[in-house]
Amino acid sequence: MAATAFTRNYTDHSNDTGYQFEFHCDKCGNGYRSTFHMSKLGVGSKIAKGLGSIFGGSLWSAGQATDYMKDGLRGQAWDTAFREAIEEIKPKFRQCTRCGKWVCPEVCWNDQRQLCETCAPNLAEEAAAQQAQIAVQQVGEKLRKVDQVAGFDPSAEMVAQCPGCHASVAPGAKFCASCGKPVATATASKAFCSGCGAQLAVGAKFCAGCGQPAG
């Protein structure tokens, strides 16, 4: 029997009743499934199993026949079914003469270049992808030129802690929402840098984080 060459990506869906194979594109993984072909040995296997069940398994030869039939499914009959499946599905794929891969013509084949799209990308698709990437970059550049924090006061937005229960205190709050104690004195005693928002040390003239004057 002559050897059969085709894509290495295939799935064997054969069972004890017949043969069926699915062949996949080497690039995207899409595939085609061959026609299911009933196996005479598989039908005989089911009959043997049925006989064994009817007679309570007393027919030793029936049970043994099932095992032998399964072995037969993996021999010459399987090879023949596999070759027939290849002959059925192979025309649905294209082989790239540059890389040797078998690919689906609908998605992964460049018909103009007669190569797979890995070796010869579709220029229209590449242009569309590049345009989308450049558009995303330009959106980021435009956003970076716009002040996204206009009117933001770092010192006003700093979160303080209640001196009594140490719960977080909302900016501008005079009383703690957790324990009710006044917090205005505690928050007012803290000074923050107007540049980076870091808390200033007591008596500091410059920010230790960014060097901006404290005044």
Side-chain angles (χ1 to χ4, degrees), residues 7-11 22-32 92-215:
T7 174
R8 65 185 180 278
N9 293 326
Y10 76 91
T11 304
E22 186 174 359
F23 300 90
H24 306 277
C25 171
D26 286 334
K27 184 177 183 294
C28 71
N30 289 340
Y32 296 93
K92 297 183 181 296
F93 288 87
R94 300 288 185 272
Q95 186 177 27
C96 179
T97 55
R98 185 172 185 272
C99 66
K101 292 182 179 180
W102 289 87
V103 298
C104 59
E106 296 85 358
V107 178
C108 303
W109 181 253
N110 188 330
D111 194 59
Q112 182 180 7
R113 302 293 183 180
Q114 289 298 296
L115 295 171
C116 74
E117 289 197 355
T118 299
C119 296
N122 184 300
L123 297 183
E125 294 176 351
E126 289 297 312
Q130 291 291 337
Q131 287 175 346
Q133 293 177 6
I134 293 173
V136 171
Q137 295 173 358
Q138 291 178 343
V139 167
E141 292 172 0
K142 285 189 174 183
L143 287 175
R144 280 188 286 272
K145 294 178 181 179
V146 178
D147 187 359
Q148 305 293 330
V149 291
F152 177 77
D153 184 356
S155 61
E157 296 296 331
M158 293 299 294
V159 177
Q161 285 187 337
C162 171
C165 66
H166 301 291
S168 296
V169 179
K174 296 182 179 181
F175 296 90
C176 176
S178 298
C179 65
K181 290 185 178 180
V183 295
T185 302
T187 56
S189 62
K190 294 183 179 181
F192 301 95
C193 173
S194 60
C196 65
Q199 184 175 342
L200 298 174
V202 178
K205 296 182 179 180
F206 295 91
C207 174
C210 66
Q212 183 164 317

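Since the structure is predicted, the reported quantities are computational estimates derived from the model, not experimental observations.
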Looking only at atom types and distance, does a side-chain atom of Gln148 sit under 3.5 Å from a main-chain N or O of Leu143, one as donor and one as acceptor?
-> yes

Gln212 versus Cys193, closest heavy-atom pair with distance | CB-SG, 4.2 Å

Not counting sequence neighbours, which residues clear salt bridge (charged side-chain N to carboxylate O under 4.0 Å, His left out) with Glu22? List them please.
-> Arg33

Ring geometry between Phe23 and Tyr10 (parallel below 30°, tilted from 30 to 60°, perpendicular above 60°) = tilted

If you look at every heavy atom in Pro105 and Lys92, which pair is closest and at what distance?
-> CD-O, 3.0 Å

How long is the span from the CD atom in Gln130 to the CG atom in Leu123, to the nearest 0.5 Å?
-> 11.5 Å

Look up atom NZ in Lys27 and atom SG in Cys99, then write down how far apart they are to the nearest 0.5 Å.
-> 10.5 Å

Ile134: what forms a side chain to side chain contact (heavy atoms under 4.5 Å, CB included) with it, not counting sequence neighbours?
-> Gln138

Got a second to check how far Arg94's CZ is from Glu106's CD, nearest 0.5 Å?
-> 8.0 Å

Kindly write out the residues that satisfy side chain to side chain contact (heavy atoms under 4.5 Å, CB included) with Val149, not counting sequence neighbours, or none if the list is empty.
-> Asp147, Phe152

Could you give the distance from CG (Asp26) to CZ (Phe93), rounded to the nearest 0.5 Å?
-> 8.0 Å

Could I get the full list of side chain to side chain contact (heavy atoms under 4.5 Å, CB included) partners for Gln131, not counting sequence neighbours?
-> none

Got a sec, which residues hit side chain to side chain contact (heavy atoms under 4.5 Å, CB included) with Ala167, two or more places apart in sequence or on another chain?
-> Cys165, Cys176, Ser178

Please set out all donor-acceptor pairs under 3.5 angstrom arising from side-chain atoms of residues 111-122, sequence neighbours excluded.
unit_1 : atom_1 : unit_2 : atom_2 : d
Asp111 : OD1    : Gln114 : NE2    : 3.2
Gln114 : NE2    : Asp111 : O      : 2.7
Asn122 : OD1    : Ala124 : N      : 3.0
Asn122 : OD1    : Glu125 : N      : 3.1

